[in-house]
Every structure is written in C-alpha cells, then in structure tokens.
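What follows is one structure encoded as structure tokens, with my remarks underneath.
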Amino acid sequence: MSDLLRETLREVLYGPDGLSGLFSAPGDGLLRAAHALTLDDLRAAPGLAGRVMALRHALELTALRLADPHALLSDPTDPQGWQPPGAQAWRDELVNLARAGQALYDALYLPLTPAAQREAHGAVLHAAREAALLQHWRGLRPQ
C-alpha cells in the first residue's frame, strides 16, 4: 500500500512519468505549478500564496505525525492572508514546499498503522487538489 501511495505522491509533486497519470499530464506537477507563479500572480490572486503555505504546513505536519503522532508544527506563520514580502520570501516558500513533499515521501517508508495510512492518503489527496487548483489558475491568468 505504501508503494502505491509513494508513487501517487511522486506524481502529484512532479507529474507522471508517462503520457498521463491519475492526477495530471506530464509536467503538471504541484511543484512546477507553484514555481510558475510570480509575485504579480500572487498579488492578483489574494490568498493563493497562503494556500501554498497551508499545503506546505499540511505536508510537513503529516510527515512529522507519521513518525510521531504527537508531533507539532514548528512554523508559527499563519497562512491565512500571507503574502510574500518579496521574491526571496517566495523562493524560500517554494523550497520549503519541496522539502515538505520530500519529507512526506520519506515518511511513507515508515511502518504505518491504518490510521497513519488514512492521514497520509488525506495529505496526498489534499496536495493533488491544490495542484489542480494551481494548474487551473495558471491556465486562466493572462499571458
């Protein structure tokens, strides 16, 4: 079960290896969609940067909780209404998002209880939904 979940998370993060996947086409992964967003995009769509941060928090917390059910998130930043103050802050958030995805991927190698498997599934589906939202928004924005 964990092998399938890891493969699904990999597709959500990076897009499928083949011509199409369960959630996206090649090159349509979450990380690519997030990296395509500019500061102007984030200003034009209030709340989008906060959604990315909230997803990162969810991925980080899930990874931590798979190892320790009592773990707490260490980042006190409230994602609601968060806007990066500059390009470096946005780049830092994108790096943290990639790290959170990798941390969850690594945590899926742990022996998981059924409850932990459900929590991991929820995090992967949450990431898939947010990736679809970012891809959709990217398709709507003026070029």
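All values below were derived from every heavy atom in this structure, side-chain atoms included, with hydrogens, water molecules and symmetry-related copies excluded. Bear in mind that the values here come from a model prediction, so they are computed numbers and not experimental data.
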What pair of heavy atoms forms the shortest contact from Ala120 to Thr62, and how long is it?
-> CA-CG2, 4.1 Å
Report yes if the side chains of Leu48 and Asp41 come closer than 4.5 Å at any heavy-atom pair, otherwise no.
-> no
Side-chain touch Leu134/Val52, heavy atoms, less than 4.5 angstrom = yes
Derivation of the side chain to side chain contact (heavy atoms under 4.5 Å, CB included) call for Trp137 and Leu37 | CA-CA 10 Å; Trp137 191 89; Leu37 297 172; 3.7 Å; yes
Kindly determine whether Leu42 and Gln83 satisfy side chain to side chain contact (heavy atoms under 4.5 Å, CB included), including the steps that lead there.
-> CA-CA 7 Å; Leu42 299 174; Gln83 279 290 109; 4.1 Å; yes
Separation between CD (Glu60) and CE (Met53), nearest 0.5 Å, reads 9.5 Å
What closest approach, in Å, do Gly15 and Arg10 show between heavy atoms, and which atom pair accounts for it?
-> O-NH1, 3.2 Å
For Asp40, which residues count as a salt bridge (Lys or Arg N to Asp or Glu O under 4.0 Å) partner, sequence neighbours excluded?
-> Arg43
Does atom CD of Gln80 have more than 12 heavy-atom neighbours, drawn from other residues, nucleotides or ligands, at distances under 6.0 Å?
-> no
Trace of the side chain to side chain contact (heavy atoms under 4.5 Å, CB included) decision for Leu97 with Leu59 = CA-CA 8 Å; Leu97 176 64; Leu59 296 175; 4.1 Å; yes
Between Leu13 and Leu61, is there a shared hydrophobic cluster once you connect ILVMFWY residues whose side-chain heavy atoms come closer than 4.5 Å?
-> no
Are the side chain of His136 and the backbone of Ala132 linked by a donor-acceptor contact shorter than 3.5 Å?
-> no
Name all residues meeting the salt bridge (Lys or Arg N to Asp or Glu O under 4.0 Å) criterion together with Arg91; count only those two or more places apart in sequence or in a different chain, and write none if there are none.
-> none
Minimum heavy-atom distance His57-Leu73, with the two atoms named = CG-CD2, 3.4 Å
For residues Ser2 and Leu112, report the shortest heavy-atom separation together with the two atoms involved.
-> OG-CD1, 4.0 Å
Are Trp90 and Leu133 connected, step by step, through hydrophobic side chains (Ile, Leu, Val, Met, Phe, Trp, Tyr) whose heavy atoms are closer than 4.5 Å?
-> yes
For Arg65, check salt bridge (Lys or Arg N to Asp or Glu O under 4.0 Å) against everything at least two apart and list the hits.
-> Glu119
May I ask you to establish whether Arg6 and Tyr109 are in a cation-pi arrangement, using a distance under 6.0 Å from NZ or CZ to the six-membered ring centre and at most 45° from the ring axis?
-> yes
Working for side chain to side chain contact (heavy atoms under 4.5 Å, CB included), residues Leu55 and Leu30 | CA-CA 11 Å; Leu55 174 60; Leu30 169 69; 3.6 Å; yes
Separation between CG (Leu64) and NE2 (His70), nearest 0.5 Å, reads 13.5 Å
Smallest separation among heavy atoms of Leu9 and Leu104, with atom names = CD2-CG, 3.8 Å
Minimum heavy-atom distance Ala49-Pro84, with the two atoms named = CB-CD, 3.6 Å
